[in-house]
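In what follows, a single structure is set out as structure tokens and then discussed.
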Amino acid sequence: MKLVYFAWVRERIGKEVETVTLPADVGTVADLLKWLKERGGNYAAALEHPDIIRVAIDHEHVTHETPLPRDGEIALFPPMTGG
Amino acid sequence: MTLPCVPHVRVQAEDFDVAAEIERLAGGRRDVGAVVTFTGRCRDEGGRLAALEIEHYPAMADSQINRVAQEAARRWPLTGLTIIHRFGRIEPGQNIVLVVTASSHRKAAFEAADFLMDYLKSRAPFWKKEHPVQGEPARWVEAKGEDEEALKRW
């Protein structure tokens, strides 16, 4: 699975993109955020408050209850401040 | 019922020319009775801000802005619609975003432009970082709850 990060999520994690192999029990977006946070260090700092993290799967906004696809691009970022 | 117009969407680092964008939608046309433009600009926050740095998610920015534009074209009888959003370093007084809506009548043009700005704020993947004039570290702008609230009008 390809993960991409933006804004302060990117800065805190310390990378823009990475490819991860998820355990079988990581089934939803919420599971993914929990799994990443449990990696500790920079991930724990970036995902301290997982509720505020916004997520997109293949460029579409999704909720934390959304099931993860088998493959694809998952983006994690803070609430947007464009316009 | 006429077909919805085809929106013109650009995400770019370069500045834009508001007059040229009005001409694109209204030039040579006799059916366009109203053109509304909204230009979002970088303000200096009372002299405190040196620049904004705007980060974006390129593939998603294009698709999300196009989706919001198509929704506006479906809901209002527009003859033309342009959205331009810049990224990169932008200084006070410079342009950030442009929405141009054209229609036979003003109400559709005003409403569609207002709708588009509300939706861009909460759907388009852009993030602003403030670089202060003096010494202090740069900081990410926080999203406002009122922006999410504004969507309920539509």
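Here is the naming used below: chain letters follow the sequence lines, and residue numbers restart at 1 for every chain.
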* Structure fact -> Output for pair (A:His61 NE2, B:Met60 CE), nearest 0.5 Å, gives 3.5 Å
* Asked: Any side-chain heavy atom of A:Trp8 within less than 4.5 Å of one from B:Arg139?
  -> no
* Crowding at CZ, A:Arg39 (>12 non-hydrogen neighbours, <6.0 Å) -> yes
* Are B:Lys129 and A:Glu11 within salt-bridge range, i.e. N to O under 4.0 Å? -> yes
* Structure fact -> Turns out that what part of B:Ser63 lies under 4.5 Å from chain A's heavy atoms comes down to side chain
* Structure fact -> Distance col, row B:Leu120:CG vs A:Met80:CE, nearest 0.5 angstrom, shows 11.0 Å
* Asked: A:Thr81 and B:Trp127: which non-hydrogen atoms are nearest, and at how many Å?
  -> OG1-CA, 3.3 Å
* Side chain / backbone / both / neither for B:Ile96 at chain A, heavy atoms under 4.5 Å -> side chain
* Distance, nearest 0.5 Å, that separates CZ of A:Arg54 from OG of B:Ser122 -> 8.0 Å
* To do: Would you mind checking which part of B:Glu142 comes under 4.5 Å of any heavy atom in chain A, side chain (CB onward), backbone (N, CA, C, O), both or neither?
  => backbone
* Pairwise side-chain contact, A:Phe6 with B:Glu55, heavy-atom cut-off 4.5 Å (strictly under) -> yes
* Asked: Given a strict heavy-atom distance threshold of 4.5 Å, which part of B:Arg67 is in contact with chain A: side chain, backbone, both, or neither?
  -> side chain
* With no hydrogens and no angle check, is any side-chain donor or acceptor of B:His85 less than 3.5 Å from a backbone partner on A:Gly82? -> no
* Part of B:Lys128 within contact of chain A (heavy atom distance under 4.5 Å) -> both
* Asked: What closest approach, in Å, do B:Trp140 and A:Arg10 show between heavy atoms, and which atom pair accounts for it?
  -> CZ2-NH2, 3.9 Å
